[in-house]
Novice: 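Please read through the structure below; I'll follow up with questions.
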Amino acid sequence: EKRAFYKLVSGLHSSIAVHLCSRYLLKEGGVKEDAVWGRNFEEFKRRFSPESTKNEGPERLKNIYFLYLVELRAVEKIAPFLEGLEVGVGDAAGQDEKFRDLAGEVIKTVDSFPSHFDESELFKDETLENKEILKLYKQNFMEISEMMDCLGCERCKVWGKLQVTGVGTALKVLFTPMEDLELTKHEIVALFNALGRHSTSISELEAFREAEEFSQEKVEL
């Protein structure tokens with residue numbers, strides 16, 4: 001259980017690092033030219049190759065997949081909850097139907113995934129230690145979110161807190177009986193946002209794998 005928490009936090013951190021490597025400032029802009037943004041393969045290798053990370057890099061990347069599986073399972077679990085959800089604000093006609101259609105497409109894709117995360121393997125023993133660890137999960141994610149208030153970049157702060165809230169919501173969904181589960185619209189938005197960001201990270205990993213410049217270095221992800 002303690003290891004699972006570490007993997008979730010590591011997956012979140014690694015996902016952010018992948019995004020940074022994927023949209024990296026390669027060349028400063030000037031008066032007559034725009035800045036150049038793109039994938040920085042050297043930075044990616046520095047953060048994730050076995051040689052530069054004492055063999056920890058590949059494990060960091062695996063933790064992104066672990067985090068993604070947790071979120072996939074959470075979305076699958078709340079599928080019935082989403083069917084009757086009303087998200088429209090004021091006279092925003094059609095917003096509820098549009099949301100349900102989009103959520104339905106996502107859930108249909110999630111259902112087609114063959115290997116879902118099995119949350120029953122965590123905290124399956126009703127020991128005092130496991131109950132305390134579950135409380136620490138919640139407390140630690142709250143503390144991580146509060147730490148992000150110290151970020152100077154407002155955009156970074158908003159995106160970071162939203163992702164942390166999304167992961168926290170996924171855990172809330174997995175470890176709360178459905179009959180007792182209550183979610184705010186903000187939590188649902190955060191969960192889908194986190195799922196989207198981390199699925200994008202995984203897509204970027206595939207791009208790094210396939211890039212000829214990176215494959216020539218034969219760095220195993």
Side-chain angles (χ1 to χ4, degrees), residues 1 3-19 22 60-89 92 94-124 134 137-138 140-142 144-145 148 158-207:
E1 287 77 7
R3 176 68 176 169
F5 176 77
Y6 165 79
K7 291 172 72 174
L8 289 171
V9 175
S10 172
L12 179 61
H13 181 268
S14 299
S15 174
I16 294 171
V18 169
H19 278 280
S22 300
R60 294 172 185 171
L61 296 179
K62 290 179 183 177
N63 290 337
I64 300 177
Y65 288 91
F66 177 77
L67 173 61
Y68 184 58
L69 287 174
V70 168
E71 292 168 343
L72 280 178
R73 171 58 183 143
V75 171
E76 180 194 36
K77 188 174 179 181
I78 63 171
F81 181 88
L82 296 175
E83 290 178 357
L85 185 67
E86 296 182 359
V87 297
V89 179
Q95 290 300 308
D96 290 341
E97 184 178 353
K98 183 177 180 181
F99 170 79
R100 282 192 286 270
D101 288 344
L102 290 173
E105 291 179 14
V106 172
I107 292 168
K108 189 179 298 183
T109 302
V110 171
D111 286 340
S112 67
F113 189 75
S115 303
H116 284 288
F117 176 77
D118 184 3
E119 70 274 16
S120 65
E121 291 301 311
L122 290 177
F123 309 108
K124 60 183 178 181
L134 184 55
Y137 266 48
K138 300 175 182 178
N140 288 339
F141 270 100
M142 288 181 62
I144 292 172
S145 180
M148 290 189 176
V158 171
W159 279 105
K161 290 177 75 71
L162 192 58
Q163 288 191 56
V164 171
T165 301
V167 179
T169 301
L171 293 174
K172 177 180 178 179
V173 169
L174 295 187
F175 300 116
T176 303
M178 284 301 292
E179 60 270 19
D180 299 328
L181 182 63
E182 294 183 358
L183 295 175
T184 66
K185 291 178 182 178
H186 176 68
E187 288 175 320
I188 294 171
V189 168
L191 175 58
F192 274 88
N193 177 272
L195 180 68
R197 299 295 289 179
H198 302 144
S199 64
T200 301
S201 293
I202 291 173
S203 177
E204 282 298 321
L205 289 183
E206 295 301 320

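When reading the values below, keep in mind they use all heavy atoms of this one structure, side chains included, and skip hydrogens, waters and symmetry mates.
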Novice: Enter the distance from Ile202:CD1 to Ser15:OG here, rounded to the nearest 0.5 Å.
Specialist: 8.0 Å
Novice: I want to check something: taking the side chain as every heavy atom from C-beta on, are Lys172 and Leu181 in contact at a cut-off of under 4.5 Å?
Specialist: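 A side-chain contact under 4.5 Å exists here.
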Novice: Please report the shortest heavy-atom distance between Thr200 and His19, naming the atom on each side.
Specialist: CG2-CE1, 3.7 Å
Novice: For Leu162 and His186, which heavy atoms make the closest approach, and how far apart are they?
Specialist: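 Taking Leu162 first and His186 second, the nearest heavy atoms are CD1-CE1, 4.0 Å.
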Novice: Hey, what do you get for CD (Glu71) to CZ (Phe66), rounding to the nearest 0.5 Å?
Specialist: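 If I round to the nearest 0.5 Å, the distance is 11.0 Å.
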Novice: Using the side chain to side chain contact (heavy atoms under 4.5 Å, CB included) definition, which of the options Leu69, Val167, Val70 pairs with His198?
Specialist: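 Per the side chain to side chain contact (heavy atoms under 4.5 Å, CB included) rule, the option paired with His198 is Val167, out of Leu69, Val167, Val70.
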Novice: Working to the nearest 0.5 Å, report the span between CD1 of Ile64 and CG of Leu67.
Specialist: 8.5 Å
Novice: Hey, does the side chain of Ser10 reach the backbone of Tyr6 with a donor-acceptor pair shorter than 3.5 angstrom?
Specialist: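 Pair absent, no side-chain N/O of Ser10 close to backbone of Tyr6.
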Novice: When rounded to the nearest 0.5 angstrom, what is the spacing between CD1 in Ile78 and OG1 in Thr176?
Specialist: 11.5 Å
Novice: How long is the gap from CD1 on Ile16 to CZ on Arg197, to the nearest 0.5 Å?
Specialist: 9.0 Å
Novice: With heavy-atom distances below 4.5 Å as the criterion, would you say the side chains of Val75 and Leu191 are in contact?
Specialist: yes
Novice: Could you state the interatomic distance from CD (Gln163) to OG1 (Thr165), rounded to the nearest 0.5 Å?
Specialist: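 Answer for the CD-OG1 pair, Gln163 versus Thr165, is 10.0 Å.
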